[in-house]
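First comes the structure, then the notes that go with it.
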Amino acid sequence: MNKNSLIAWYQEVLPTLKTRKEQILHIVKAYSQDEGITMLAVAKVLDVPVHTISGRFGELEREGKLKTEGTTKYKGSKAPHSLYKIVKL
């Protein structure tokens, strides 16, 4: 990676990762009192492709801020989707 790319990454990408994690936490918290929310549903709320937020979900799980609690299936989907909730401290 060249120096300019690294500088651009720190200036443009890194701040959005923190912001995106905050957005995800806010959305999941809104659904935590119900059954939870899937990563796909969060992506739809944020109007972004699911692959752009999946890494943030992993980070939030490792940080102990999110947990999976059950699964659901979408019509037309064969695979179950994990339901996420906020970890209560």
Side-chain angles (χ1 to χ4, degrees):
M1 181 179 286
N2 74 39
K3 183 179 175 183
N4 290 335
S5 295
L6 188 58
I7 291 169
W9 186 86
Y10 275 102
Q11 291 175 340
E12 297 174 25
V13 177
L14 186 60
T16 64
L17 297 181
K18 292 179 183 175
T19 302
R20 184 66 77 198
K21 284 169 52 173
E22 290 168 1
Q23 291 171 334
I24 290 168
L25 283 172
H26 180 76
I27 293 166
V28 173
K29 185 177 182 180
Y31 288 87
S32 281
Q33 294 178 3
D34 298 326
E35 65 180 17
I37 189 168
T38 65
M39 195 181 305
L40 182 60
V42 173
K44 287 181 181 183
V45 169
L46 293 172
D47 195 30
V48 297
V50 72
H51 73 272
T52 64
I53 63 169
S54 60
R56 305 302 75 75
F57 273 79
E59 291 169 5
L60 290 165
E61 280 187 289
R62 286 188 296 278
E63 292 169 9
K65 295 178 181 176
L66 282 185
K67 64 179 177 179
T68 57
E69 197 165 283
T71 60
T72 190
K73 287 185 108 176
Y74 286 110
K75 187 176 182 180
S77 175
K78 295 179 182 177
H81 294 262
S82 295
L83 291 166
Y84 290 89
K85 287 189 164 196
I86 295 288
V87 172
K88 294 182 180 170
L89 301 175

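All residue numbers refer to positions in the sequence shown, counting from 1.
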**Study point:** Interatomic spacing from OG1 in Thr52 to CZ in Arg20 - rounded to 0.5 Å
**Key:** 6.0 Å
Check your understanding: How long is the span from the CD1 atom in Ile24 to the CD1 atom in Ile37, to the nearest 0.5 Å?
Key -> 10.5 Å
**Study point:** Worked verdict on Glu63 versus Lys21 for side-chain contact (heavy atoms from CB on, under 4.5 Å)
**Key:** CA-CA 11 Å; Glu63 292 169 9; Lys21 284 169 52 173; 2.6 Å; yes
Review point. Looking at Ile86 and Lys29, what are the two nearest heavy atoms and their distance?
Key: CG1-CA, 3.5 Å
Revision key, fill the gap. side-chain contact (heavy atoms from CB on, under 4.5 Å) filter on Leu83, not counting sequence neighbours, yields Glu35, Thr38, Thr72
Review point. How would you list, by chain and number, every residue that makes a side-chain contact (heavy atoms from CB on, under 4.5 Å) with Ser54, sequence neighbours excluded?
Key: Met39
Review point. Do Thr68 and Glu61 pass the side-chain contact (heavy atoms from CB on, under 4.5 Å) test, and can you show the C-alpha distance, the side-chain angles, and the key distance before you say yes or no?
Key: CA-CA 8 Å; Thr68 57; Glu61 280 187 289; 3.5 Å; yes
**Study point:** Test log, rule salt bridge (charged side-chain N to carboxylate O under 4.0 Å, His left out), inputs Glu59 and Arg62
**Key:** CA-CA 5 Å; Glu59 291 169 5; Arg62 286 188 296 278; 5.0 Å; no
Point to revise | Pair listing, salt bridge (Lys or Arg N to Asp or Glu O under 4.0 Å) test, anchored in residues 76-87, at least two apart | key: Glu69-Lys85
Enumerate donor-acceptor pairs with a distance under 3.5 Å from any side-chain N or O in residues 42-49 to protein atoms, sequence neighbours excluded.
none

**Study point:** Selection residues 18-61 - residue pairs positive for ring-ring contact (aromatic ring centres under 6.0 Å, His included), sequence neighbours left out
**Key:** Phe57-Tyr84
